[in-house]
2 protein chains.
Amino acid sequence: MTPHTRACILSTGDELITGQLQDTNMRWLASELTIMGISVVQCATVPDDLETLTATMLRLTTCAPLLIVSGGLGPTEGDLTRHALAEAMSDQLVTDDAAQRWLDEFLRSRGRNWNALQARQTLRPSRARMLPNAVGTAPGLHGVVGEGVLGCDVFCLPGPPNELSAMWRASVLPALRPPADQTVRTRLLHVIGIGEADLASKLGPMMARTRLPLIGVTASQGVLTLRLRYAGPGSRLDADAAIDADVAALSAQLGDNILGDGSLSTSELMIAALGRAGKTLAVAESCTGGLLGAMLTQVPGSSTSFSGGLIVYSNGLKTALAGVPSELIAEHGAVSSQVAAALASGARERTAASYALAITGIAGPDGGSVAKPVGTVYIGLAGGATEPEVRHFRFSGTREDVRARAAGSALGMLHFELRQTNPRPKLLWQQGDAQTAAC
Amino acid sequence: MTPHTRACILSTGDELITGQLQDTNMRWLASELTIMGISVVQCATVPDDLETLTATMLRLTTCAPLLIVSGGLGPTEGDLTRHALAEAMSDQLVTDDAAQRWLDEFLRSRGRNWNALQARQTLRPSRARMLPNAVGTAPGLHGVVGEGVLGCDVFCLPGPPNELSAMWRASVLPALRPPADQTVRTRLLHVIGIGEADLASKLGPMMARTRLPLIGVTASQGVLTLRLRYAGPGSRLDADAAIDADVAALSAQLGDNILGDGSLSTSELMIAALGRAGKTLAVAESCTGGLLGAMLTQVPGSSTSFSGGLIVYSNGLKTALAGVPSELIAEHGAVSSQVAAALASGARERTAASYALAITGIAGPDGGSVAKPVGTVYIGLAGGATEPEVRHFRFSGTREDVRARAAGSALGMLHFELRQTNPRPKLLWQQGDAQTAAC
């Protein structure tokens with residue numbers, strides 16, 4: 001039988017195509033297939049419309065030997081996946097006796113009444129088989145469209161993610177035939193202190209589209225994520241060795257610019273790095289208002305390295321909570337290198353943490369001036385050898401972007417401090433060099 | 001010119017098709033189009049492969065007079081959208097002089113170097129126009145595939161969601177031609193202190209699926225959002241009048257359970273309510289670690305009502321920063337009604353705010369016990385008439401869910417305090433009645 005080298009994914013649902021609901025199934029299925037070495041070549045989303053659903057299903061069965069459909073198996077008139085599968089198979093719907101008995105029993109055991117609409121859920125194309133649903137009332141379906149080497153296995157799964165994943169594990173996985181001659185392995189690496197274009201030019205031929213492993217890059221809030229993907233012949237060990245060799249080459253090229261394992265968040269990496277160094281961190285947040293603390297405490301077990309800190313949104317609290325002299329604020333402004341340094345020192349003293357990161361800036365959309373436009377942010381780090389270190393940024397984007405980029409850049413500063421990287425690489429959006437300021 | 005009655009959406013990216021990244025653009029675009037009365041008829045996701053991208057783009061241009069493409073506009077070799085558009089238009093790529101000058105200036109103003117790869121971002125099909133990017137370096141593209149009534153407007157937008165939405169508002173919206181014969185108006189209302197099933201039974205026939213306006217409900221983190229959607233004949237005034245009448249009926253039915261305008265966030269509503277009452281708020285956050293502060297300060301202008309507060313993740317800082325007696329923590333545990341009350345009072349004193357909200361709990365996945373399982377959270381509110389008020393919650397879900405629900409519930413408590421609602425409605429997941437505790 002033809003191996004499942006390639007696959008398509010089809011999602012159906014008015015709630016998806018109108019944007020009412022985020023489709024998480026597509027991503028989940030794509031990830032599952034990719035990990036097994038099955039390349040996803042196309043995904044489609046269509047409304048609950050029989051003609052469109054049938055046509056799209058037929059089209060996708062010609063693109064790959066495997067098609068996973070999600071949604072449209074419920075009991076309502078808008079649930080049309082079984083009808084579309086019957087049309088695609090040039091088949092007719094029949095009642096499945098076993099499914100009918102099972103549904104009777106399922107409803108009775110839960111004290112629920114049989115409802116005429118539910119009879120729909122016992123229908124299947126005569127040449128298809130039903131896949132049991134361990135979680136809900138909608139059975140799945142497996143049928144074949146086309147014949148011989150042109151045949152495509154179509155698995156139809158229910159839309160609710162918990163039902164879909166349970167049926168995937170119980171009934172689809174055992175029936176898949178991943179390519180025996182291809183191994184797929186993926187690894188991710190986070191990189192900071194370098195721009196996307198600079199990175200691409202530094203890596204040069206390593207980023208060629210025909211290379212194995214294939215290296216791709218995505219950018220998000222000042223952190224670049226490199227994706228190394230091996231999809232080719234050889235064993236899993238060969239694939240891992242090829243990726244290991246690339247990671248070693250990247251490490252040699254990029255050094256401390258590598259933040260760490262890209263399957264973890266920046267916060268997770270920094271909490272782990274603090275733990276390894278036996279250090280603790282506190283924060284003093286003005287324009288981010290708690291965002292950096294929220295990111296750090298999203299990491300389970302972060303309490304070993306993160307103790308807390310101060311939200312000093314108003315100038316009054318910068319003085320009352322962090323001990324920043326009101327004269328300093330009056331002289332330099334709350335958004336200044338001097339106040340960032342004083343906030344970092346003040347927070348470190350009051351919390352007795354090894355390091356303190358302080359963020360003060362203008363997140364916008366209002367509050368900017370010619371000298372300090374929206375996006376101007378000063379980040380202070382207290383606790384290093386020469387302290388405190390302050391960097392001046394000019395972030396672009398919305399209020400949300402400026403805040404997220406500020407929090408991410410603060411963690412970038414901590415990364416280079418913990419690595420004792422010298423000279424310190426500039427971070428994206430940084431203006432001028434880092435300063436050290438006594439206060 | 002043909003009105004944009006229907007539209008397709010195309011997402012490109014290896015990171016999407018391999019399941020590495022959740023595609024949130026598709027949903028966002030689908031929702032924007034639907035709200036305008038433009039029906040989305042098909043969505044597709046393809047890898048960064050020129051042949052597939054071009055073929056899919058061409059196919060979708062025959063399905064609808066409007067196609068929105070997201071992704072593939074970066075500077076790397078894997079960014080192929082502009083090449084695909086050129087092929088679909090049977091056109092050639094040329095350098096756009098204005099884009100080149102703009103990119104030069106953008107890079108210079110940020111102290112970044114010009115890089116040969118970035119030249120890719122100044123290319124466009126000769127008959128297409130560039131759409132400026134206010135947030136990043138990748139300009140968008142607008143071209144027409146096909147001619148006359150068969151012509152399809154193709155808008156190519158960058159993949160990062162913040163760049164995509166900014167470009168959508170600035171350059172795509174003004175160029176759209178939504179159908180003139182149908183009026184679509186939508187309004188949203190946030191509701192708290194009532195469950196989804198209770199709400200549905202209270203509203204009864206108002207929620208019928210055939211009704212105009214159609215009323216739908218979605219639940220998120222303890223807040224229900226009612227969506228009133230009028231899609232039918234009549235003028236905009238008629239549609240608004242029908243929605244106004246429904247809003248009045250809902251207000252009469254639901255009273256203080258209505259939190260406010262659902263197009264605003266809970267934080268925006270509470271910052272506005274504090275402003276109207278002339279009150280200020282501070283926070284003391286343990287398990288949320290700054291999340292509530294981050295939500296509140298995401299609102300532009302929040303500084304008039306929110307001053308800041310304390311992140312007291314460790315027990316040491318609960319004592320050092322908020323003045324909670326260590327004996328109180330030893331006796332009742334850090335996650336207790338008593339400590340929540342003491343944190344709220346301590347934060348209020350130290351910040352001189354009108355109100356303080358304090359959150360202490362077990363967000364998980366570890367740290368739970370039989371008496372206080374994961375999801376147990378106490379929220380204290382100081383500054384009311386009898387103070388402080390403490391509510392006990394038992395949230396379900398992941399660590400992220402527990403934290404988001406805790407922060408949202410804290411704002412819910414503030415809402416009923418500001419409205420002086422008596423008796424106070426129970427919030428979702430609340431255990432027992434609210435207590436007041438002296439400390």
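By convention in this document, chain letters (A, B, ...) are assigned in the order of the sequence lines, proteins followed by strands, and residues within each chain are numbered from 1.
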[X], part contacting chain B, at a heavy-atom distance under 4.5 Å:
X        : value
A:Glu196 : side chain
A:Ser263 : neither
A:Val299 : backbone
A:Ser303 : both
A:Leu428 : side chain
A:Thr34  : side chain
A:Asp23  : backbone
A:Thr351 : both

Within-4.5 Å side-chain heavy-atom neighbours: [X] and [Y]:
X        : Y        : answer
A:Thr225 : B:Glu15  : no
A:Thr398 : B:Val135 : no
A:Leu310 : B:Ile311 : no
B:Leu21  : A:Thr218 : no

Going from [atom1] on [X] to [atom2] on [Y], what distance comes out if it is rounded to the nearest 0.5 angstrom?
X        : Y       : atom1 : atom2 : answer
A:Arg27  : B:Ile17 : CZ    : CD1   : 13.5 Å
A:Arg227 : B:Gln20 : CZ    : CD    : 5.0 Å
B:Met26  : A:Met26 : CE    : CE    : 5.5 Å

Among the options [options], pick out the one with the most heavy-atom pairs lying under 4.5 Å from chain B.
options                               : value
A:Ala363, A:Ser314, A:Cys63           : A:Ser314
A:Asp49, A:Asp198, A:Ile35, A:Leu29   : A:Asp198
A:Val40, A:Thr56, A:Leu291            : A:Val40
A:Ile9, A:Asp401, A:Val217, A:Val41   : A:Asp401
A:Leu188, A:Leu214, A:Thr186, A:Val46 : A:Leu188
A:Gln42, A:Glu285, A:Gln22, A:Glu400  : A:Gln22

How far apart are the closest heavy atoms of [X] and [Y], and which atoms are they?
X        : Y        : answer
B:Tyr313 : A:Phe306 : CD2-O, 3.4 Å
B:Gly290 : A:Ala294 : C-CB, 3.9 Å
A:Ala30  : B:Leu16  : CB-O, 4.3 Å
B:Gln118 : A:Ala197 : NE2-CB, 3.4 Å

For [X], which atoms come within 4.5 Å of any heavy atom of chain A: side chain, backbone, both, or neither?
X        : value
B:Ser11  : neither
B:Arg120 : neither
B:Leu321 : side chain
B:Ser165 : neither
B:Asp14  : both

Can you find a side-chain donor-acceptor pair between A:Thr297 and B:Arg403 that sits under 3.5 Å?
yes

Is B:Arg399 reaching over with its side chain to a backbone N or O of A:Gln298, donor-acceptor style, under 3.5 angstrom?
yes

With a 3.5 Å distance limit and no angle check, can you tell me whether B:Arg350 reaches the backbone of A:Ala320 through a side-chain donor-acceptor pair?
no

For chain A, the option from [options] that forms the most heavy-atom pairs under 4.5 Å:
options                              : value
B:Gly19, B:Gly159, B:Pro47, B:Ala134 : B:Gly19
B:Gln121, B:Arg59, B:Glu163          : B:Arg59
B:Thr45, B:Val312, B:Asp48, B:Asn315 : B:Thr45

Neighbour count >12 (heavy atoms, 6.0 Å) for atom CD, A:Glu51
no

